[in-house]
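The structure appears below as structure tokens.
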Amino acid sequence: MKTAKFGGSSLANSTQLKKVAEIIKADETRRFIVVSAPGKRFATDKKVTDLLVEFYQKRLKNEATDQLIVDIFKRYEEIGKDFQVEENILDQIYQSLNHLKELAVENNPHFLDEILSNGENNNAKLVAGVLQTEGVNARYIDPQELGIIVTDEPLNARILMSSYKIISRWRNANEVLVIPGFFGYTEKGDICTFSRGGSDITGAIVASAMNVDLYENFTDVNGIFAAHPGYIHHPEPIREITYREMRELSYGGFSVFHDEALMPSYRAKIPVVIKNTNNPDHPGTLITNERENKEQPVVGIASDGGFSMIYLNKYLMNREVGFTLKVLEIFKEFNLNYEHMPSGIDDISIILRANQLNPQLEEDLLRKIAYVIDPDELQIIHNLSMVMIVGEGMKQRVGSMAESTAALARKKINIEMISQGASEVSITFGVHQDREQDAIRTLYYTFFE
Ligand code: ASP
């Protein structure tokens with residue numbers, strides 16, 4: 001059995017929906033279908049979820065929303081009419097959109113959750129209707145009825161462990177279940193959404209609860225590439241990647257797949273495949289627990305900007321018990337999260353996201369470190385990018401670090417920081433943001449061509 005999740009671009013118009021219906025009809029084991037809200041039909045178009053955000057903002061400012069509701073409704077209506085879905089489906093969608101106008105703005109912690117979830121919810125009803133006209137025995141199911149019960153954290157819900165068992169009761173349903181992604185219900189019965197892009201999370205939860213053999217995540221690309229196509233012309237596609245590698249790449253800036261979404265399928269050891277609705281015969285990218293081919297040391301190169309680094313040096317630091325603890329306590333006091341902390345005998349660098357800082361905070365922080373630690377040298381360096389090479393194959397192979405640093409040196413790219421975890425799944429290089437692109441290209445051509 002399979003769970004198939006379709007992203008917004010796969011459901012944006014009738015042409016796309018026709019492809020989705022063909023994909024579902026082509027394989028009877030696709031039993032659980034999770035859908036996003038309709039996405040963009042063309043580059044300058046708006047996603048329905050973004051229109052719903054606009055609706056929310058207008059409601060807050062008490063501005064007229066009638067036209068917006070009409071515009072959103074048209075998105076469903078066009079598709080519904082093309083497929084001649086049952087009339088009452090479009091009526092239900094229209095009513096549920098109008099119901100949004102009646103929601104209380106004040107003292108309503110789930111106000112935005114309810115508005116946002118409307119996109120997925122209506123789309124699941126529409127998709128179920130479309131599949132029926134295509135001869136599929138499909139049925140819309142509300143996440144509450146299915147059993148997606150979540151924590152009460154508006155816009156950032158997490159699944160409750162007890163949900164899995166409840167959801168699994170639907171494993172042998174006779175119909176193909178069409179499930180709206182992106183939200184669940186709290187134990188009290190309020191709608192609560194996952195973070196943005198969270199339909200991937202629903203897909204993984206359903207896949208895991210139903211214990212399917214494969215979770216197919218359909219998008220509009222042939223899977224994941226080894227580097228960002230904006231930086232590398234025609235980067236190599238990744239055929240197979242492990243969960244750990246994927247997690248590192250998502251952290252490092254790859255945004256194909258919601259990173260929280262990997263958790264449920266990872267735990268349940270369910271392979272995930274990222275496939276293209278517009279090219280369903282392409283094998284896509286398979287994410288598994290174990291990768292068969294580990295000959296290739298590096299599977300992908302990611303990068304992310306907007307980092308700062310605090311560097312401190314103190315002679316004989318290694319002899320001082322609790323030195324790092326003292327530094328980190330200061331970070332805690334300033335409520336700062338750090339991302340990496342490579343250290344030498346007498347020095348430590350602490351890398352953090354620069355958006356947590358402001359000039360005043362920075363001054364106070366440095367003053368406090370100077371006072372408590374009394375370092376010989378203390379510096380803050382801004383505008384850093386982290387470039388990360390990822391691959392479980394590096395562990396079994398000598399020289400990945402040497403090859404990388406040699407290549408960067410040849411291009412005269414100064415490395416401000418190097419960090420490698422004990423797991424050896426990735427190596428991170430901190431470089432000045434002006435050299436980020438050069439660094440990616442250099443590392444890509446070192447490992448891929
Ligand atoms: N529609 C939601 C969003 O745009 C969730 C999703 O598509 O996964 O964030």
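Both ligands and their constituent atoms are indexed starting at 1 by order of listing.
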Side-chain touch Leu116/Phe183, heavy atoms, less than 4.5 angstrom: no
So with a 6.0 Å cut-off around CZ of Arg158, is the heavy-atom count from everything else above 12? no
Could you check whether atom OH of Tyr94 has more than 12 heavy atoms from other residues, nucleotides or ligands sitting under 6.0 Å from it? no
Give the residue and atom name of whichever protein heavy atom lies nearest to [atom], and the separation in Å to one decimal.
| atom | answer |
| --- | --- |
| atom 3 (C) of ligand 1 | Arg196 NE, 3.2 Å |
| atom 5 (C) of ligand 1 | Glu120 OE2, 3.3 Å |
| atom 6 (C) of ligand 1 | Ser199 OG, 3.3 Å |
| atom 7 (O) of ligand 1 | Ser36 OG, 3.0 Å |

Numbered atoms of ligand 1 (with element) below 4.0 Å of Lys47, judged on heavy atoms: 3 (C), 4 (O)
Quick test of your reading of the model: are Lys18 and Glu22 salt-bridged, counting only N-O distances below 4.0 Å? yes
Can you find an N/O atom of Asp200 closer than 3.5 Å to an N/O atom of ligand 1? no
Give yes or no for whether the N/O distance cutoff of 3.5 Å, strictly under, is met between Gly197 and ligand 1. yes
I'd like to know whether ligand 1 has Gly198 as a neighbour, heavy-atom separation below 4.0 Å. yes
Parallel, tilted or perpendicular: ring planes of Phe307 versus His340, cut at 30 and 60 degrees: tilted
Classify the angle between the aromatic ring planes of Tyr444 and Phe448 as parallel (below 30°), tilted (30 to 60°) or perpendicular (above 60°). parallel
